[in-house]
Amino acid sequence: MPQCPHCQTPYESGQRYCTMCGSFLLHPEQGDTFCPQCGVRVSPRQEFCHECDAPLKGAKAAVDVLGPEAEPEVLPPESAAPRPGSTRGMPTWLVGLLVGSGIVIIILLVLLFSRGTSPPPAPTPTPQAEAPPPAPQAPAPAVTPAPGPPAAPAPAAPADLKEELQSALSTLREAQLHKDIVQFMSVYSLTFPDLTEKRANTLKNWEQFDFTNLVFTVDKIQSLDPNNAIAWVTWYIDTRNRQSQELTSSSQTFQVRFVKELGKWRIRSLEEVEK
């Protein structure tokens with residue numbers, strides 16, 4: 001019987017995914033790189049996912065389209081010939097003589113202009129009649145402002161946001177019931193803490209238990225911004241132990257933080273809380 005190239009778990013011929021690590025068995029890939037769209041294992045050198053055709057990297061494509069960076073044009077050095085009007089090539093004493101003569105001429109012109117002109121006499125101020133004091137004005141009557149409308153309550157989360165979050169949770173529920181690891185991991189963000197450990201623990205639980213019933217309720221939603229939201233979700237779970245056939249019922253409440261990635265809401269983090 002063939003074995004998974006990653007975890008050495010035996011599998012049936014023609015089986016698409018490993019039940020232990022979720023590796024794609026028809027075209028085994030090396031490494032621990034997963035598609036951000038469907039969660040299937042891919043090669044770090046792939047540009048498109050072989051399962052959902054999602055783009056995996058774009059750096060190489062950008063280089064192919066833009067071409068190599070053009071080298072800066074090196075301009076030829078300026079000619080060493082003196083420019084018109086420059087003092088290059090003139091003796092130093094001649095330059096100093098010209099500058100000194102110009103300064104003496106400017107000083108003489110200033111002295112002649114200042115002696116030939118005198119400031120005009122200051123105008124005699126004209127006496128002005130004093131203006132009569134303003135008449136006292138009666139104080140304006142106090143105006144009592146009309147009471148305004150009461151403050152509006154804080155807006156609730158939009159209905160379309162609740163429907164989108166419930167759709168993501170419904171996908172998670174279907175993946176649990178059918179034990180579909182690819183569909184299960186597609187609901188989690190690539191930045192979810194310990195994403196690889198979450199995948200391994202889920203596969204391990206599926207080997208021990210079967211879900212006989214799985215229901216959730218969304219108790220409250222808080223929108224942080226267009227791409228972040230928090231929801232309080234309660235799960236009601238009925239499971240059967242695959243070895244002892246014992247039935248167990250439980251409920252758990254989580255504070256789930258969602259983030260919008262590639263146009264879909266995914267679970268960024270979750271924390272169990274007491275209801």
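Of the N and O atoms on the side chains of Thr253 and Asp219, not one donor lies less than 3.5 Å from an acceptor on the other residue.
Contact detail for Arg268 and Phe192: the closest heavy-atom pair is O-CD1, 3.3 Å. Among all heavy-atom pairs drawn from Phe216 and Val233, the shortest one is CB-CG1, 4.2 Å. Counting all heavy atoms, side chain and backbone alike, Val218 lies closest to Leu169 at CG2-CD1, 3.9 Å. In terms of heavy-atom proximity, Ala168 sits nearest to Val187 at O-CG1, 3.7 Å. Contact between Met185 and Leu195 at its shortest, heavy atoms only, is CE-CD1, 3.4 Å. Closest approach of Phe184 to Thr202, counting heavy atoms only: CE2-OG1, 3.4 Å.
The shortest distance between side-chain heavy atoms of Asp180 and Glu174 does not fall below 4.5 Å. Considering only heavy atoms from C-beta on, Gln222 comes within 4.5 Å of Leu224 through its side chain. Taking the side chain as every heavy atom from C-beta outward, Phe258 and Ile221 never approach each other to under 4.5 Å. At least one side-chain heavy atom of Gln255 sits less than 4.5 Å from a side-chain heavy atom of Ile230. Residues Cys7 and Cys18 form a side-chain contact, since some pair of their non-hydrogen atoms from C-beta on lies under 4.5 Å apart. With a 4.5 Å cut-off on side-chain heavy atoms, Gln3 and Thr9 do not count as touching.
Listed for the Arg240 side chain is no donor-acceptor partner under 3.5 Å among the backbone atoms of Thr212. Side chain of Ser244 to backbone of Asn241: no donor-acceptor contact under 3.5 angstrom is found.
The 12-atom threshold is not exceeded at NZ of Lys264, counting heavy atoms of other residues, nucleotides or ligands nearer than 6.0 Å. Other residues, nucleotides and ligands contribute more than 12 heavy atoms inside 6.0 Å of the CZ atom of Arg199. The 12-atom threshold is not exceeded at CD of Gln243, counting heavy atoms of other residues, nucleotides or ligands nearer than 6.0 Å. For CD of Glu12, the number of neighbouring non-hydrogen atoms (other residues, nucleotides, ligands) closer than 6.0 Å is 12 at most. Heavy-atom neighbours of Gln245 CD from other residues, nucleotides or ligands within 6.0 Å: above the threshold of 12.
Taken from CG in Asp238 to OG1 in Thr248, the straight-line distance is 9.0 Å, to the nearest 0.5 Å. Expressed to the nearest 0.5 Å, how far CD1 of Ile267 lies from OG1 of Thr191 amounts to 11.5 Å. With values rounded to the nearest 0.5 angstrom, Leu190 atom CG is found 7.0 Å from Arg266 atom CZ. Distance check: Leu161 CG to Glu163 CD gives 10.0 Å after rounding to the nearest 0.5 Å. To the nearest 0.5 angstrom, Ser223 atom OG is 14.0 Å from Lys162 atom NZ. Here the CD-OG distance, from Gln252 to Ser250, works out to 5.5 Å after rounding to the nearest 0.5 Å.
There is no path of hydrophobic side-chain contacts, each under 4.5 Å, that joins Trp232 to Val259. A single hydrophobic cluster is not seen to contain both Leu247 and Ile237; linkage of ILVMFWY side chains at heavy-atom distances under 4.5 Å, directly or through other members, places them apart.
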What do the steps show when you test Thr217 against Tyr236 for side chain to side chain contact (heavy atoms under 4.5 Å, CB included), and what is the final call?
CA-CA 9 Å; Thr217 59; Tyr236 301 93; 4.0 Å; yes
Step by step, work out the side chain to side chain contact (heavy atoms under 4.5 Å, CB included) result for Thr19 and Trp206.
CA-CA 9 Å; Thr19 58; Trp206 288 352; over 6 Å; no
Checking side chain to side chain contact (heavy atoms under 4.5 Å, CB included) for the pair Val215/Trp235: CA distance, chi angles, key distance, verdict?
CA-CA 6 Å; Val215 181; Trp235 290 90; over 6 Å; no
Show your reasoning for whether side chain to side chain contact (heavy atoms under 4.5 Å, CB included) applies to Leu108 and Ile106.
CA-CA 6 Å; Leu108 292 176; Ile106 293 174; over 6 Å; no
